[in-house]
Peer 1: 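Here's a structure for you.
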Amino acid sequence: MRILTGIQASGRPHLGNILGAIRPAIELSKNPANESFLFIADLHTLTSLKDGRILRENTYAIAAAWLACGFDADKNFFYRQSKLAGYHTELMWYLNCFTPFPMLANGHSFKDKSEKLADVNAGLFTYPVLQAADIMLYDAHIVPVGKDQRQHLEMTRDLGGAFNRQYGEDTLVLPEAKIDEAVMTIPGIDGAKMSKSLNNYIDIFLNEKDLLKVVKKVVTDAKALEDPKDPETDNVFKLYSLVANKEEIEEMRANYLAGGYGYGHAKNALHAVLIREFAEEREKFEYYMNHIPELEQKLQEGEAKAEQIAKVTISRIRKKMNFDD
Ligand code: TYM
């Protein structure tokens, strides 16, 4: 099976990306029957971030996060979308010509911003088509993503289906989304979906002191230390439950219900468990960010390998379309 997923470089990798996409994708990549394509969607990032220097820094941070979380880049495919831009955007153009306007007008990310149309660039509007191209360019079967990407995967299948009806059922492989319902949408420090654009994210690669500062900002109600608290509605408890082990979660739940346990205690516990659970990842991330040439080399090797696959798919598609013999 071919597994494929991407992460934008719009900021540093956060807990939502790691639990929603990076970890599930790496788990799948460990099965020797799978080939994994894990990449940095830096062309997509351009829809929202124009500063090339920051874009490059973020790109390295996402790449370092993939490796820090255990991705074996040598056995798989690891690349920047921008380095294979010719192939990605060529397929995107073909798919654009099969994309009905209302499909994009109904896209969640477009609709969220459609109140101020002057701020919507064409890249943002056609974002899902580039994503469909990213996926079908490598004949991916499975796409592990967070729940927020479900609609993009449905669009990908719709576009692939329309394309195949025209050029033959064996032209494009239609992918399946793999969404871990248990993880669902990881909440940010304010309880809304954790996201770079909302600036409510937890960057688990921060140094301990700065990480504590972020954890201290998790929004809670104003109950006093001695009051019993509702674990089900509290953001600190929700985040803790995603990272701590079963006994620890039950212990915190009991503390909440009993009272005499403050949000400050819970935040310290969350901070400690983040440091413990991500100890190895934090160390490796630091290493790669201090050894950029090594990171760069892994990416370049990955890009050369990915190009071989992209070439084959594009030439198959072009033949089906009668552009080439
Ligand atoms: P991006 O960078 O917004 O998100 C990357 C991945 O992280 C997941 N994610 C979350 N999961 C759970 N809870 C959260 N709070 C949370 N925030 C982010 C996202 O679901 C996603 O899986 N469009 C993609 C990038 C992309 C892509 C692709 C993905 C471009 N081409 C091809 C798969 C296949 C995105 O939104 O990235």
Side-chain angles (χ1 to χ4, degrees), residues 2-26 28 36-49 55 58-59 61-63 65-66 69 77 79-82 84-85 87-89 91-92 95 107-110 112 123-124 126-157 159-160 173 175-204 235 238-239 242-243 306:
R2 283 204 177 154
I3 316 295
L4 177 144
T5 201
I7 298 198
Q8 290 194 71
S10 39
R12 302 242 306 176
H14 59 66
L15 190 63
N17 302 141
I18 290 173
L19 299 181
I22 295 186
R23 275 197 171 168
I26 290 175
L28 290 170
S36 292
F37 294 71
L38 305 187
F39 72 100
I40 301 124
D42 51 352
L43 294 178
H44 276 111
T45 314
L46 201 55
T47 60
S48 58
L49 172 65
L55 182 51
N58 292 345
T59 299
I62 305 288
W66 277 122
C69 291
F77 297 83
Y79 52 96
R80 287 162 286 202
Q81 186 191 31
S82 63
L84 296 148
Y87 302 97
H88 287 250
T89 57
L91 181 53
M92 181 200 187
L95 295 172
H108 295 316
S109 33
F110 167 68
D112 288 350
L124 184 75
T126 56
Y127 182 115
V129 191
L130 180 57
Q131 182 160 346
D134 296 338
I135 297 170
M136 294 191 286
L137 181 60
Y138 299 93
D139 291 338
H141 302 106
I142 308 280
V143 183
V145 279
K147 206 176 161 190
D148 57 330
Q149 296 298 307
R150 192 190 294 278
Q151 192 190 38
H152 288 162
L153 266 294
E154 282 164 7
M155 290 181 182
T156 302
R157 290 180 61 89
L159 292 177
V173 173
E176 300 279 346
K178 188 169 190 307
I179 296 167
D180 186 345
E181 291 294 340
V183 174
M184 305 231 268
T185 299
I186 310 292
I189 57 173
D190 57 357
K193 184 198 127 188
M194 185 178 291
S195 119
K196 290 162 215 170
S197 54
L198 295 177
N199 204 15
N200 64 353
Y201 62 89
I202 298 182
D203 172 358
I204 57 139
N235 296 325
K238 278 188 204 156
L239 288 162
L242 291 165
V243 190

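Only heavy atoms go into these numbers, but all of them, side chains included; no hydrogens, no water, no symmetry mates. Both counts, for ligands and for their atoms, begin at 1 and track the order of listing.
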Peer 1: Which atoms of ligand 1 sit under 4.0 Å from any heavy atom of His14?
Peer 2: 17 (N)
Peer 1: Evaluate the ring planes of Tyr79 and Phe39, with Trp represented by its six-membered ring, and classify them as parallel (under 30°), tilted (30 to 60°) or perpendicular (over 60°).
Peer 2: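 Answer is parallel, since the angle falls under 30°.
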Peer 1: Can you figure out which of Gln149, Met136, His44 has its heavy atom closest to atom 21 (C) of ligand 1?
Peer 2: Gln149
Peer 1: Counting heavy atoms only, which part of Val145 comes closer than 4.0 Å to ligand 1: side chain, backbone, both or neither?
Peer 2: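 Both backbone and side chain of Val145 come within 4.0 Å of ligand 1.
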Peer 1: With heavy atoms only and a cut-off of under 4.0 Å, state how Gln81 meets ligand 1: side chain, backbone, both or neither.
Peer 2: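 Neither; nothing of Gln81 gets under 4.0 Å from ligand 1.
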Peer 1: Pick one of side chain, backbone, both or neither for how Tyr201 approaches ligand 1, counting any non-hydrogen atom pair under 4.0 Å.
Peer 2: neither
Peer 1: Do the side chains of Leu49 and Gln8 get nearer than 4.5 Å, heavy atoms only?
Peer 2: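 Gln8 does not reach Leu49 side chain to side chain.
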Peer 1: Give me the nearest non-hydrogen protein atom to atom 28 (C) of ligand 1 as residue plus atom name, then the distance to 0.1 Å.
Peer 2: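 Looking only at protein heavy atoms, the one closest to atom 28 (C) of ligand 1 is Gln131 CG, 3.4 Å.
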Peer 1: Which of the atoms in ligand 1, numbered in the order shown and given with their element, are less than 4.0 Å from a heavy-atom of Asp148?
Peer 2: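 Result: 19 (C), 20 (O).
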Peer 1: Which atoms of ligand 1 sit under 4.0 Å from any heavy atom of Lys196?
Peer 2: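 Numbered from 1, ligand 1 contributes 2 (O).
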Peer 1: Can you name the atoms of ligand 1, numbered from 1 with element, that are less than 4.0 Å from a heavy atom of Gly20?
Peer 2: 11 (N), 12 (C)
Peer 1: Pair Ile40, Thr45 - check side-chain contact (heavy atoms from CB on, under 4.5 Å), show working.
Peer 2: CA-CA 9 Å; Ile40 301 124; Thr45 314; 6.0 Å; no
Peer 1: Is it the side chain, the backbone, both or neither of Val143 that has a heavy atom closer than 4.0 Å to ligand 1?
Peer 2: side chain
Peer 1: Thr5 heavy atoms, cut-off 4.0 Å: which ligand 1 atoms fall inside?
Peer 2: 29 (C), 33 (C)
Peer 1: Okay, side chain of Asp180, backbone of Gly20: is any donor-acceptor separation there less than 3.5 Å?
Peer 2: no
Peer 1: Distance from Ile7 atom CD1 to Asp42 atom CG, nearest 0.5 Å?
Peer 2: 12.5 Å
Peer 1: What protein heavy atom sits nearest atom 17 (N) of ligand 1, and how far off is it?
Peer 2: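 The protein heavy atom lying closest is Met194 O, 3.4 Å.
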Peer 1: Which one holds for Ile135 and ligand 1: side chain close, backbone close, both close, or neither close, with close meaning a heavy atom under 4.0 Å?
Peer 2: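 Side chain only.
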Peer 1: For a 4.5 angstrom cut-off between non-hydrogen side-chain atoms, does Leu153 reach Ile135?
Peer 2: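 They are in contact (side-chain heavy atoms under 4.5 Å apart), so the answer is yes.
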Peer 1: Which ligand 1 atoms are under 4.0 Å away from a heavy-atom of Gly146?
Peer 2: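 The atoms of ligand 1 under 4.0 Å from a heavy atom of Gly146 are 11 (N), 19 (C), 20 (O), 22 (O).
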Peer 1: Using a strict cut-off of 4.0 Å, indicate which atoms of ligand 1 neighbour a heavy atom of Ala21.
Peer 2: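 The list of qualifying atoms is 6 (C), 7 (O), 22 (O).
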Peer 1: Just need the protein heavy atom nearest to atom 25 (C) of ligand 1, so name the residue and atom and give the distance.
Peer 2: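 Result for atom 25 (C) of ligand 1: Gly6 O, 3.5 Å.
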Peer 1: So which protein heavy atom does atom 12 (C) of ligand 1 come closest to, and at what separation?
Peer 2: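 Looking at atom 12 (C) of ligand 1, the protein heavy atom closest to it is Met184 O, 3.4 Å.
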Peer 1: So which heavy atom in the protein is nearest atom 31 (N) of ligand 1, and how far is it from that ligand atom?
Peer 2: Asp134 OD2, 2.6 Å
Peer 1: I'd like to know if the side chain of His14 and the backbone of Ile202 have a donor-acceptor N/O pair within less than 3.5 Å.
Peer 2: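 A pair under 3.5 Å: no.
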Peer 1: Starting from atom 2 (O) of ligand 1, locate the nearest protein heavy atom and write down its residue, its atom name and how far away it is, to 0.1 Å.
Peer 2: Gln8 N, 2.9 Å
Peer 1: Please answer whether the main-chain N or O of His108 pairs with a side-chain N or O of Gln151 as donor and acceptor at a distance below 3.5 Å.
Peer 2: yes
Peer 1: For the residue pair Tyr138 and Leu84, establish whether any side-chain heavy-atom pair is separated by less than 4.5 Å.
Peer 2: yes
Peer 1: Can you tell if the side chain of Val145 reaches within under 4.5 Å of the side chain of His152, non-hydrogen atoms only?
Peer 2: no
Peer 1: So do Lys196 and Asn17 actually touch side chain to side chain, heavy atoms under 4.5 Å?
Peer 2: yes
Peer 1: Counting each atom of ligand 1 from 1 as listed, which ones have a heavy atom of Ala41 under 4.0 Å away?
Peer 2: 30 (C)
Peer 1: Side chain or backbone of Ile186 under 4.0 Å from ligand 1, or both, or neither, by non-hydrogen atoms?
Peer 2: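 Within the 4.0 Å criterion, Ile186 contacts ligand 1 through backbone and side-chain atoms alike.
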Peer 1: What protein heavy atom lies closest to atom 5 (C) of ligand 1? Include the residue and the distance to one decimal.
Peer 2: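 It is Asn17 ND2, 3.6 Å.
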Peer 1: Atom 10 (C) of ligand 1: which protein heavy atom is closest, and how many Å away?
Peer 2: Gly16 O, 3.4 Å
Peer 1: Could you check if a side-chain atom of Leu242 sits within less than 4.5 angstrom of a side-chain atom of Pro187, using non-hydrogen atoms only?
Peer 2: yes
